[in-house]
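Only heavy atoms go into these numbers, but all of them, side chains included; no hydrogens, no water, no symmetry mates.
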Amino acid sequence: IGIENPVINLALNAVDSSSPSSPVDLIISQSSGLSATSIIAEWLFGETNTVETEDIEVSVGSDSITPHTYADYGLYYVSVTVSNNLSSAELSTEANVGVEITGLTIAGPLGDILTGQDTVFTVHVDAGSDLGYVVSSDSGETSLSTPRTNTLDWTAPDDTDITLVFIDPGAKTITVTSTNAFGSLEASIDIDVHEEIISGTVTSKLYAEVGVLVEITASVTTGSTVTATIDYGDGSATESIQHMMLDAATSPVIFQKTY
């Protein structure tokens with residue numbers, strides 16, 4: 001006559017998977033006591049409410065390992081009922097399929113940022129699986145969702161370039177949002193956008209009298225933080241003026257020269 005032992009001192013743990021192509025190992029272990037016999041395991045893997053049943057063997061120092069492949073990335077709550085003719089136990093754990101997002105940052109270009117031109121931002125993550133980025137500004141410019149560049153090793157760092165075009169000048173906050181099955185992260189930077197100089201005019205007297213002060217006015221159709229440089233035509237040194245052109249139409253740069 002066979003002698004059965006009850007199911008006692010059991011625990012369930014998961015060895016996570018970095019992608020759906022690799023199974024999660026679900027491990028039932030026994031910490032102490034007599035080895036349980038004739039064990040039936042009834043699994044709920046967290047994808048559906050379907051119960052899957054198998055016969056297992058577990059003892060101190062000899063674990064039962066059940067591999068399970070999930071169809072998609074995510075965090076799954078796994079439960080199993082282990083039982084024999086003497087007793088039963090309910091065990092549970094969490095199984096991760098994928099890699100959480102860590103180390104999200106965004107960097108802008110080193111030079112001036114001008115309206116109407118492509119501006120490239122570099123988004124960096126230390127790790128993260130099956131994720132995308134959306135870059136947006138507080139003035140309404142938004143990129144399409146862009147996946148991370150490196151999709152071969154989710155645990156490796158990754159840099160992805162994303163382009164925005166700004167319509168209006170001014171101070172802006174640029175925010176990147178990255179989302180995957182484990183949640184979302186955000187990072188942001190502050191930038192200044194300037195108008196590009198489209199066209200300009202220079203006006204002055206058609207002639208200059210010796211010893212009489214002449215005003216030379218330089219104006220632009222659009223532009224901000226403009227530097228105007230003038231050559232007076234008499235061999236003297238050129239002169240530059242930097243001007244914060246808050247309104248290009250009413251804020252010209254004025255040079256004065258006495259010949």
Side-chain angles (χ1 to χ4, degrees), residues 7-31 36 39-58 62-83 88-106 121-136 142-162 174-189:
V7 288
I8 59 172
N9 302 325
L10 300 182
L12 175 64
N13 293 285
V15 178
D16 296 334
S17 166
S18 62
S19 71
S21 61
S22 301
V24 172
D25 284 337
L26 299 166
I27 302 172
I28 299 176
S29 58
Q30 185 176 21
S31 59
I39 304 174
I40 296 175
E42 297 175 289
W43 292 96
L44 281 172
F45 293 110
E47 292 174 295
T48 66
N49 292 325
T50 302
V51 176
E52 298 186 28
T53 302
E54 65 172 342
D55 296 327
I56 65 170
E57 295 181 1
V58 61
S62 179
D63 300 338
S64 170
I65 301 176
T66 299
H68 183 77
T69 301
Y70 289 90
D72 205 352
Y73 294 92
L75 175 64
Y76 297 91
Y77 296 91
V78 182
S79 64
V80 61
T81 300
V82 289
S83 62
S88 65
E90 299 282 343
L91 310 174
S92 63
T93 191
E94 294 179 352
N96 290 316
V97 180
V99 180
E100 293 186 46
I101 305 168
T102 58
L104 178 68
T105 60
I106 182 171
F121 296 88
T122 299
V123 179
H124 172 88
V125 287
D126 290 339
S129 61
D130 191 40
L131 56 84
Y133 310 110
V134 175
V135 174
S136 60
T142 302
S143 70
L144 297 175
S145 181
T146 304
R148 62 172 277 171
T149 303
N150 178 12
T151 59
L152 299 178
D153 183 1
W154 299 122
T155 63
D158 177 68
D159 291 316
T160 300
D161 289 339
I162 297 177
I174 309 302
T175 300
V176 57
T177 302
S178 182
T179 304
N180 69 2
F182 302 101
S184 296
L185 279 185
E186 286 188 352
S188 61
I189 57 171

To the nearest 0.5 Å, how far apart are [atom1] in [X] and [atom2] in [Y]?
{"X": "Ser88", "Y": "Ile39", "atom1": "OG", "atom2": "CD1", "answer": "11.5 Å"}
{"X": "Trp43", "Y": "Thr50", "atom1": "CH2", "atom2": "OG1", "answer": "15.5 Å"}
{"X": "Ile65", "Y": "Asn13", "atom1": "CD1", "atom2": "CG", "answer": "11.5 Å"}

Return yes if some donor-acceptor pair links the side-chain N/O of [X] with the main-chain N/O of [Y] below 3.5 Å, else return no.
{"X": "Thr81", "Y": "Glu42", "answer": "no"}
{"X": "Tyr70", "Y": "Phe45", "answer": "yes"}
{"X": "Thr146", "Y": "Leu144", "answer": "yes"}
{"X": "Asp158", "Y": "Thr149", "answer": "yes"}
{"X": "Ser129", "Y": "Val99", "answer": "yes"}
{"X": "Ser178", "Y": "Gly132", "answer": "yes"}
{"X": "Ser64", "Y": "Ile28", "answer": "no"}
{"X": "Thr160", "Y": "Arg148", "answer": "no"}

Derivation of the side chain to side chain contact (heavy atoms under 4.5 Å, CB included) call for Leu26 and Leu12:
CA-CA 7 Å; Leu26 299 166; Leu12 175 64; 4.3 Å; yes
Any idea which heavy atoms bring [X] and [Y] closest together, and the distance?
{"X": "Ile56", "Y": "Val82", "answer": "CD1-CG1, 4.1 Å"}
{"X": "Gln30", "Y": "Asp63", "answer": "N-OD1, 4.5 Å"}
{"X": "Leu104", "Y": "Leu185", "answer": "CD2-O, 3.4 Å"}
{"X": "Pro157", "Y": "Asn150", "answer": "O-ND2, 4.1 Å"}
{"X": "Trp154", "Y": "Ser19", "answer": "NE1-CB, 4.1 Å"}
{"X": "Asp130", "Y": "Asn180", "answer": "O-CB, 3.6 Å"}

Just checking, is any N or O donor in the side chain of [X] or [Y] under 3.5 Å from an acceptor N or O on the other one?
{"X": "His68", "Y": "Glu47", "value": "yes"}
{"X": "Asn96", "Y": "Asp16", "value": "yes"}
{"X": "Thr179", "Y": "Ser184", "value": "yes"}

More than 12 heavy atoms of other residues, nucleotides or ligands under 6.0 Å from CD of Glu57: yes or no?
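Result for CD/Glu57: open.
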